[in-house]
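Please read the structure below before turning to the comments.
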Amino acid sequence: HSPGFAADQLQTVGWVNGVQVVEHEGGHLPFEADISSVVQGSPGSLCRITVALNNTLSPHTLPPGSIQYMADKSRYPKNYFVQNTKFDFFNYAGIHRPVVLYTTPAAYIDDITVTTISSDSLARVQYQVSVVGSTDSSLSLSLRDQEGKVVATGDGPEGELKVLNPNLWWPYLMHENPGYLYSLEVRMQAQLDGDLLEDVYTLPVGIRTVHVTSSQFLINGRPFYFHGVNKHEDADIRGKGLDWPLIVKDFNLLRWLGANSFRTSHYPYAEEIMDLCDAYGIAVIDESPGVGIKLPESFGNRSLQHHLAVMEELVRRDKNRPSVVMWSVANEPASELPPAAHYFKTLIAHTKALDPSRPVTFVTDANYALDHGAPYVDVICVNSYFSWYHDPGHLEVIPLQLTAQFENWYKTYQKPIIQSEYGADSVPGLHSDPPVMFSEEYQQAMLREYHSVLDKKRKEYVVGELIWNFADFMTNQGTTRVLGNKKGIFTRQRQPKAAAFVLRDRYWRIANESSCLPPAMTSHSLFLK
Ligand code: GCB
């Protein structure tokens, strides 16, 4: 290993012309380095960029994992070891997203933060701009609508833009023109050593509010019901790597399905994906890579400090996105362990301090009476797999067990609840009557049982349902995984299984019931019939 490179960490180190310029812990979130001092050649001269990545997971990385050495020489070669994880997706290594080289003037716009407050007739867009490299720069801002008309202007590093009769950012199927984005142009000028420096940055801005009551999730003051999916960054050929045609296909399928939302299970997704959520009006529960936090040592201070830093990076990256309506700090941690209380209290308080404008949650599969993290969340997000991992094959237990699940959580916390995962594996093309596990019919039947309970509870305090999963995806190999996890309603190649049509009928029906969609906007106006 080269200097600075730790053998036991999820880590990246970068060098330019042999000089180390950056070191970063954790995946999925962007980082950068100023390389001006090491790129000294004349324009056009070559320079060498070297990147080393390590996807080794330890109890203190996010996600956590552990390395297990196999000492039995009669069964394993010398120094044989395996990487253990407590999550259910393939731990792809490598660079999955674009790496860009860019330049700035000596003084430049370093960050912009925008929050919006709105009513139907007036919106207030509050902004803060930070500049690096100059202490007396001047800043001017203009906000343009989609026709290019300037609707408000401002100046200085912080302030408020007032927009009369704003076009609000609405989720898909809640309005005939979802995902409305203004553009905020921020222009900086600074004098430095007699030179006039200028920097311009244009930020898409969606005007919307998010509030949570004891039984509702409100977007722009109207009740919002999440009818959506959980996804993965996964496909064959590219694995986890960013693939534009795949992303466009996925968004077309989401629209076909009538999905208005997804959770970035179980890590932050590429910025290109988030851009499309903003533009299409797909509401996002933005999840950190805090998945599989099960070992007691993963609740210690070292892990917590890293998790706080990861939330800082995530909020800094996605804070201005109207599509992000809630942060999820973790998925299915061992929240029944006593140290989870301090861990989640601290983590959630920190996230709220970073961003007071959004609710915060984590996704639980713990027993409602034992969960030490749930007291600190704004929305209870519960995963359950009745008739699959529990009582396999017994679809008839779902109504009773799911009703009890919702009633127990609500009685304990009086907070809105999202069914953040439910699902069944199905091998496409496998048919069975009566429905038997792994057949397409069983997956359909299981969905319908869940839906009968969700239909009662969504009139009360259940504010969403997210199927596990949008598409089949690759996992570690194991006796319960057939070329990966098959709980997709689409195959890994994005072809629909029978369950996709069950969900599609349902999502469009819910959308038509609960919104004021114009009659022309039905599922049949979309290309895939
Ligand atoms: C879960 C996990 C998810 C798994 C899923 C399953 O509870 O959150 O990552 O893939 O169950 O299919 O087992």
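Numbers here are sequence positions counted from 1. Just so you know, ligand 1 is whichever comes first in the structure, and atom 1 is the first atom listed for that ligand. Below, all heavy atoms of this structure are taken into account, side chains as well, without hydrogens, waters or symmetry copies.
For an aromatic pair to be called close, the ring centres must be under 6.0 Å apart, and F299 with Y343 satisfies this. No close placement of the F470 and F262 rings is indicated, their centers lying 6.0 Å or farther apart. You'll find the ring centres of H266 and W468 inside the 6.0 Å limit. Aromatic rings of F386 and H394 (six-membered ring for Trp) have centroids beyond the 6.0 Å cut-off, not under it.
Around atom CD of Q477, no more than 12 heavy atoms belonging to other residues, nucleotides or ligands sit under 6.0 Å away.
The shortest contact between atom 6 (C) of ligand 1 and any protein heavy atom is with Y389 OH, 3.2 Å. The protein heavy-atom contact nearest to atom 10 (O) of ligand 1 is D88 OD2, 2.5 Å. What sits closest to atom 12 (O) of ligand 1 on the protein, heavy atoms only, is K487 NZ, 2.5 Å. Among protein heavy atoms, the minimum distance from atom 7 (O) of ligand 1 is reached at E332 OE2, 2.4 Å. Scanning the protein for heavy atoms near atom 9 (O) of ligand 1, the closest one is H266 NE2, 2.7 Å.
The ligand atoms of ligand 1 that sit less than 4.0 angstrom from a heavy atom of F473 are 10 (O). Applying the 4.0 Å criterion to heavy atoms of R481 picks out, from ligand 1, the atoms 6 (C), 12 (O), 13 (O). Within ligand 1, counting atoms from 1 as listed, the ones closer than 4.0 Å to a heavy atom of E421 are 1 (C), 2 (C), 3 (C), 5 (C), 7 (O), 8 (O), 11 (O). Residue N485 approaches ligand 1 through these ligand atoms, each under 4.0 Å from one of its heavy atoms: 6 (C), 10 (O), 12 (O).
Residue contacts with ligand 1 leave out F89, since none of its heavy atoms falls under 4.0 Å from the ligand.
Contacts with ligand 1 closer than 4.0 Å are made by no heavy atom of F87, backbone or side chain. Of all the heavy atoms of Y385, the ones lying under 4.0 Å from any atom of ligand 1 belong exclusively to the side chain. Contacts with ligand 1 closer than 4.0 Å are made by side-chain heavy atoms of N331 only, the backbone lying farther away.
Under a 3.5 Å cut-off, the side chain of T361 and the backbone N or O of S328 do not form any donor-acceptor pair.
Counting heavy atoms from C-beta on, the side chains of L395 and M446 come closer than 4.5 Å.
A donor and an acceptor atom, one from each side chain of D278 and S323, are located under 3.5 Å apart.
Checked options E421, R263, K487; the residue passing with N230 is R263 (criterion: side-chain hydrogen bond (donor to acceptor under 3.5 Å, both in side chains)).
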